[in-house]
Amino acid sequence: MSWMQTPLFEMQRRLSSSSPSKLTQRTIFCEDELEELADESSPSAQGRALAGILLKNYMTSKEHQQAVKLANDWMSLNPEIRNKVKANSVNALGSSQKDVRLASAQVISKIATIELPKQQWEDLVQALLSFVVKPEANPS
């Protein structure tokens with residue numbers, strides 16, 4: 001496999017070709033990265049973790065104005081897409097791969113930072129508690 005065929009290269013290519021100013025492309029990007037993060041059958045834990053990091057980075061910036069814009073972009077996505085990203089990110093916490101769990105936790109943290117102040121993710125705490133009270137949902 002050449003370096004151009006690696007999951008890392010492919011995800012970086014998709015990210016660089018994505019135009020954050022276009023709602024359709026943002027939606028496709030989020031769905032693509034989400035599918036990779038949520039795919040427990042994927043042989044590449046690094047690819048799945050990178051997908052989570054790309055999703056997280058898609059929603060945040062160190063510059064305040066850009067962070068506000070990205071948060072607004074996230075909130076402008078179709079609620080079905082946002083809910084799918086949230087549900088699959090929470091489900092990825094149950095992954096057998098530590099890097100995937102860590103990446104999904106970062107995605108969840110960023111989404112929560114954007115949505116909780118707007119009263120948009122009311123079932124987050126309950127979803128997280130399910131990993132605490134069900135040992136089989138919390139791999140070590």
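Position 1 is the first residue of the sequence, and the numbers go up from there.
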Excluding sequence neighbours, so at least two apart, what forms side chain to side chain contact (heavy atoms under 4.5 Å, CB included) with [X]?
| X | answer |
| --- | --- |
| K118 | M75, Q120 |
| V68 | H64, N72 |
| E63 | S61, Q66 |

Item to check | Co-membership, hydrophobic cluster, residues L93 and L102, 4.5 Å side-chain | outcome: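 No, no single cluster joins them.
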Checklist entry - Is I53 reachable from V90 through a run of I, L, V, M, F, W or Y residues, each pair having side-chain heavy atoms under 4.5 Å apart? => result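 Different hydrophobic clusters.
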Checklist entry - Quick one: NZ on K84 to CG on L77, what's the gap to the nearest 0.5 Å? => result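 The CG atom of L77 is 12.5 Å from NZ of K84, to the nearest 0.5 Å.
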Donor-acceptor pairs under 3.5 Å, side chain of residues 107-114 to any protein atom, not counting sequence neighbours: which ones?
residue : atom : partner : partner atom : Å
K110    : NZ   : T60     : OG1          : 3.4
T113    : OG1  : S109    : O            : 2.8

Next on the checklist: Which residues pass the side chain to side chain donor-acceptor pair (under 3.5 Å) test with D123, not counting sequence neighbours?
Outcome noted: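 Side chain to side chain donor-acceptor pair (under 3.5 Å) check on D123 returns W121.
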Checklist entry - Residues in side chain to side chain donor-acceptor pair (under 3.5 Å) with E115, at least two apart? => result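 Applying side chain to side chain donor-acceptor pair (under 3.5 Å) to E115 gives W74, R82, K86.
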